[in-house]
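This report refers to the structure that appears directly beneath it.
Because the structure is predicted, anything quoted here is derived from the model rather than measured. Below, chains carry the letters A, B, ... as their sequence lines are ordered, and counting in each starts from 1.
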Amino acid sequence: MSDIDDSEGVLHESLEHSLENVEADIYVDSEDVVGDIEKEKITTDVVKESEIVGYRQQPGKLPFSKPGSGGKNRFSKPTDYSRIPRSQGGSLEQPWGAHRHDDLISGQVIGKSTSLVDSNWKVTGQAKYGDDIRLPGEVIGRILRSPHHYARVLSIDISKALDLPGVLGIATGDDAPGKFGVLPVTKDEHAMAVEKVRHVGDLVACVAAIDEPTAREACRLIEVEYEVLDSIHDIKQGLEDSENPIHDRGKYHIGESNVQKRVFQQFGNISEMKDSSVASHDSDWTFTGVNHGFTEPHAVVAHWDPSGRLTLYTPQQVPHYLHRALADVLDIPMHQINVYRTFVGGGFGGKSDPFPHEMCAAILARKTGRPVRINFDREEVFWVNRGRHPSKISMSLHADSEGRLCGIETDALIDGGAFASFGHVTTYYNGVLHTAPYEIGAFHYTGARVWTNKPASGAMRGHGAVNSRCAVETGIDDLAEQLGVDPIDFRLANLLPPHSATITGFRVTSIGMRECLERVKEESGWDEKFRKMPLGKGIGIGCGFFISGSGLPIHWDPNKFPHATVHLKIDMDGGVTVHTGAADIGQGSDTVVAQSVAEVLGLPLDMIRVRSRESDTSPVDLGSYSSRVTFMNANAAISAAMEIRNELLEATSEITGSNIEGLVIGDRRIFNKRDPAVGVSYLEALHKAQEDRGALVSSGSYRTPPMGRAHKGAAAGLAPAYSFSAYVAEVDVDIETGQTKVEKVWAAHDCGKALNPLAVEGQIIGSCHMGMGQVLSEEMKYGRTGHLLNPDFLDYKIPTVHEMPEVTPIIVESNDPEGPFGAKEAGEGPLLPILPAVVNAVYDAIGVRVSELPITPDRLYKAIEKRCRSEGVKEPLDLEPPRLELTALQEILQSRAINHSRRDKERRLTDSPSPYHNGALFGLDPEIPGDEQDSRWAAVVIPPDDYLEDPGLAGSAWKHTERRHRSDVE
Amino acid sequence: MKEQNTQVVDCSGKYVVQYSLPMVPGPDKVRWNATVNGVNVDFFIDSNAILLDVLRDQGGSLGTKRGCDMGTCGCCSVMINGTPKLSCLVLAQEARSSSITTVEGLSSGHYLHPIQQTFAECGGSQCGFCTPGFLVVSAALLERNPSPTKAEIKTAIEGNLCRCTGYQQIVESISKASEILVSGKGIDDSTSSKSDPHPGFSGGLS
């Protein structure tokens, strides 16, 4: 009680003091004084004392937190004006202009390096991942997997296994014949084999037993009779007609082949552009498959509670899509299922499908009436896979005499493995995601994804864009060399401006590509190093472009459903409960949502508690994929917080008599902009707003604006914003062994606005690590009989700390007009440039252009030997490193880059810039889309007959006719 | 020991076997004791049990993670008598009567070990799954060598895989923790505008 007396004493004493000194002391820079003065100012000037009685301690009651703080610290911190944007009277520079969220900045947390809100759970070992969920009475689930690549399942005899003591239940494909898949158009997976198994490791049956040895033994006792079918492992073979296609798509089946998806896209007249070119690059790339390599193997716990509802605990990136799939497969309504997302031990796209083992756990739990836990070993993770597609990509690039990129021709054949997964989208992304950041004269893309009898490929960080981006950027390096210009200057002279449209009609809003290139050029000392280093040392550049959220949700029902929704609830304790379905997979989405709410309401981060785990309590969110979470969820969180903010402002206005327009929010305090001493504490305003209604609740959501064109496939690659990045890598190649070591990387990424720079830097460096793995060491190796040779971390080589270069992350902030506080994505885009940067640096070091990844020593040494032979050099050490002699074009490009730089700065600062469509650089009117001016620029999405006479590899998929268009099929 | 299994008809009309002991020729149970995070424990374990399983399933240390089961990822690292070991490659019986420290044993009460503070503050932990292993290994390093060089830090963590951070922020976290240990000064809490600083949870040593 003495505490209370004291505080009231202080209040009265300083009240008198303040009456005399209000003018002099207003808003002094000391925490201790400010709180008191604020308090007094209100009581003396504006509000009658009786009105604040409610906030005083009532005699005889337990101590209740002091006004404003929500804790023992009652004092508000003065606003830090260096964090308030210029447009709001602060001193934070805004070189990219003002933003629509500027007036919401309270200087609390946005832009500050912030540790993840759940980091203390992780560092104390208390974070619960999939296998850490232990429910009373649990039993262990185990999966029987196919030993054959491709076989018909003739019979399954479970009787012996069932007789094994300790076995509580066994399920097979008959228990759940329903199909599912992450994309509604390609549902082709079953919980367990129905009719056929399609790859080694495909699920056949599952067992629940009292412990793991028993479950394993039971799996051994299950007798399965197979009829082995001819399997397909070569990606090219998938293009041909087959007696037993791996899946049957009914009337939509493409020929009798294993082509799952094919794409044809043509914009602009490629042959004319080719004729006008003076330099061309052609390459045929082979990319092997890579796996996400997250450290946490898949694990799941299923529990049917006594009221008959299913709770499924699983580390998932897309709990909502799983929710839908579970309802389909288990044949129960969605509201009977609670999907509980545990901590996720790394996802990177590898946990973004509904998985068969999740269905198995639920089925077994229903059978046995007990909680079932299934935990994978590392080998099983490789059987599930969903890693990056192995692919064969032919890339042709053309440049004209003015140094413009007048044509891109891409042919991508990608190996989907046994299931569709995200394949539909991947097939588009391999093409459409390299139509920017450059202005191009014509674009021609053919893509095909085929089924083979391997574990399914799927979405992996940089989904669909990584391999073809590598081919494009190394091609540009070659073009620049042929033209005798610096590759960075070549890029700078060919960039799209802000607020423009790409050749495929994507809407580019903010673009910080130019700044990224300029920063890495400067910081790496490019001009002193490029083509000037001794043999074996090299430097290379690569760029990237990636979506920040996908324009359309995967499920289109109901059509106008938001992509992200956030609910807020604030009760009288002042803490804010945030309900969001955003899946935090370690990237820090909980933190970003908490930051956004904290910023808008002017609260310290620990007053925000994020509840994002359970579908029972979280509003629907589409999940963590397509780099959508920060953009969409933070936007939804901001709009939810704005509702509360308005209520707080109204309450403050009522208490203080100030106009709402004149009020601003600072740290736990709402005050008059002109006279900061007039204001109330957060808690006072809150309690006023809660009068007669109790807790404040609000809901905010985000949906993408209408965008894009109308041609088939126009929606693939559409995003509300795009991120850009440019990396420079410096490598050291041991010429005699072919061993490549990346020494340094300068990594510039345009993330719009770094809401949490610590996390953005972490994403950039982490992306470098993952991309480095793909370019130098990681590879899913299949042997001659089609078996995966390295399903473990001994042989699947993830870079260790010794392989990591020194990465200098450079954050470029282009302040996206629609992003939350200007932010865009930073999770996937930063991976793209590291591959081509390393490949180009290897060329700079030894003059060898590789076209197969990873660049292992044996592959590179073979390429070095080949160069030696072709040049008649005996010793690799006598090779000459490539050198650059600049031509007259260099100056033309430089001056064009300067003009464009000026143009871009003007465009980004004007409120309503005039339209700019790709093609202006080639003489078209920038204000009208190319296809409306000239029929040759129209989108063509069905291959013309003359193309089919001599198609590319993937293009040959178009030789097949869909069954529904064929007369020989019923 | 072997119990007769009973068959019961379940709701779908199929026979299922109800709850009984496994018939699989199993290992013997042996008595096992050790000090886990300062507490003496005494269990009956399978004679062939792996230490990781004993710690997770019986020792209550779910913070010790299973990533690969074959000593390649380092997630399961624990200290056995002060030396970091991969618990998935240690037979529990080998560690009998030893003193084992897992990630849960690094802090003292609510007071975090400096290495835990810096992993949170410097971005050393993203998804957090590999974090327990890294923490144990680096805590062991700092105990031996409170001010390691960058090369020494890298050597200490070379057996641990992290797929999120690219190691750079992990190395920074360890350097920072070493600074704290050497200087005795705490670090700034990056979420510092806390309404009410958590006593002991951040900032300042125990």
Please identify, among [options], the residue contributing the most non-hydrogen atom pairs under 4.5 Å to chain B.
options                        : value
A:R134, A:R216, A:Q126         : A:R134
A:M772, A:E806, A:H802         : A:H802
A:R461, A:E379, A:H292, A:Q595 : A:H292
A:G293, A:G346, A:A127, A:A218 : A:G293
A:F793, A:F343, A:Y129, A:F376 : A:Y129
A:D377, A:D118, A:D131         : A:D131

Select one option (side chain, backbone, both, neither) describing which atoms of [X] are under 4.5 Å from chain B's heavy atoms.
X      : answer
A:Q763 : both
A:P805 : backbone
A:L794 : both

For the atom pair [atom1] ([X]) and [atom2] ([Y]), what is the distance rounded to the nearest 0.5 Å?
X      : Y      : atom1 : atom2 : value
A:D584 : B:C127 : CG    : SG    : 10.0 Å
A:L116 : B:F119 : CG    : CZ    : 13.0 Å
B:E121 : A:S119 : CD    : OG    : 7.0 Å

Self-check item: Any B:C164 side-chain heavy atom under 4.5 Å of A:F348 side chain
Solution: yes

Quiz prompt | Under 4.5 Å from any heavy atom of chain A - which part of B:Y167 | solution =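 Contact with chain A involves the side chain of B:Y167 alone.
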
Practice problem: Examine whether an atom of B:N160 lies under 4.5 Å from a heavy atom of chain A, and if so say whether it belongs to the side chain, the backbone or both; otherwise answer neither. | Solution: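 Interface part for B:N160: neither.
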
Which one, [options], leads in non-hydrogen pairs under 4.5 Å with chain A?
options                : value
B:E104, B:R56, B:M70   : B:R56
B:L161, B:I153, B:L135 : B:L161
B:S125, B:G128, B:G71  : B:G128

Quiz item: Given A:E296 and B:K65, is the side-chain contact (heavy atoms from CB on, under 4.5 Å) satisfied, shown in steps?
Solution: CA-CA 8 Å; A:E296 183 204 16; B:K65 302 298 180 201; over 6 Å; no

Self-check item: Check against side-chain contact (heavy atoms from CB on, under 4.5 Å), B:V103 and A:T124
Solution: CA-CA 6 Å; B:V103 64; A:T124 52; over 6 Å; no

Practice problem: Please lay out, stage by stage, how A:D792 and B:T72 fare under the test side-chain contact (heavy atoms from CB on, under 4.5 Å). | Solution: CA-CA 8 Å; A:D792 59 70; B:T72 51; 5.6 Å; no

Does any N or O in the side chain of [X] come within less than 3.5 Å of the main-chain N or O of [Y], such that one atom is a donor and the other an acceptor?
X      : Y      : result
B:Q168 : A:V807 : yes
A:R378 : B:G67  : yes
A:K122 : B:Q126 : yes
B:Q116 : A:V123 : yes

Quiz item: Which pairs with one or both residues in residues 161-174 of chain B pass salt bridge (charged side-chain N to carboxylate O under 4.0 Å, His left out), sequence neighbours excluded?
Solution: A:E778-B:R163

Quiz prompt | Check against side-chain contact (heavy atoms from CB on, under 4.5 Å), A:I765 and B:T165 | solution = CA-CA 6 Å; A:I765 303 167; B:T165 62; over 6 Å; no

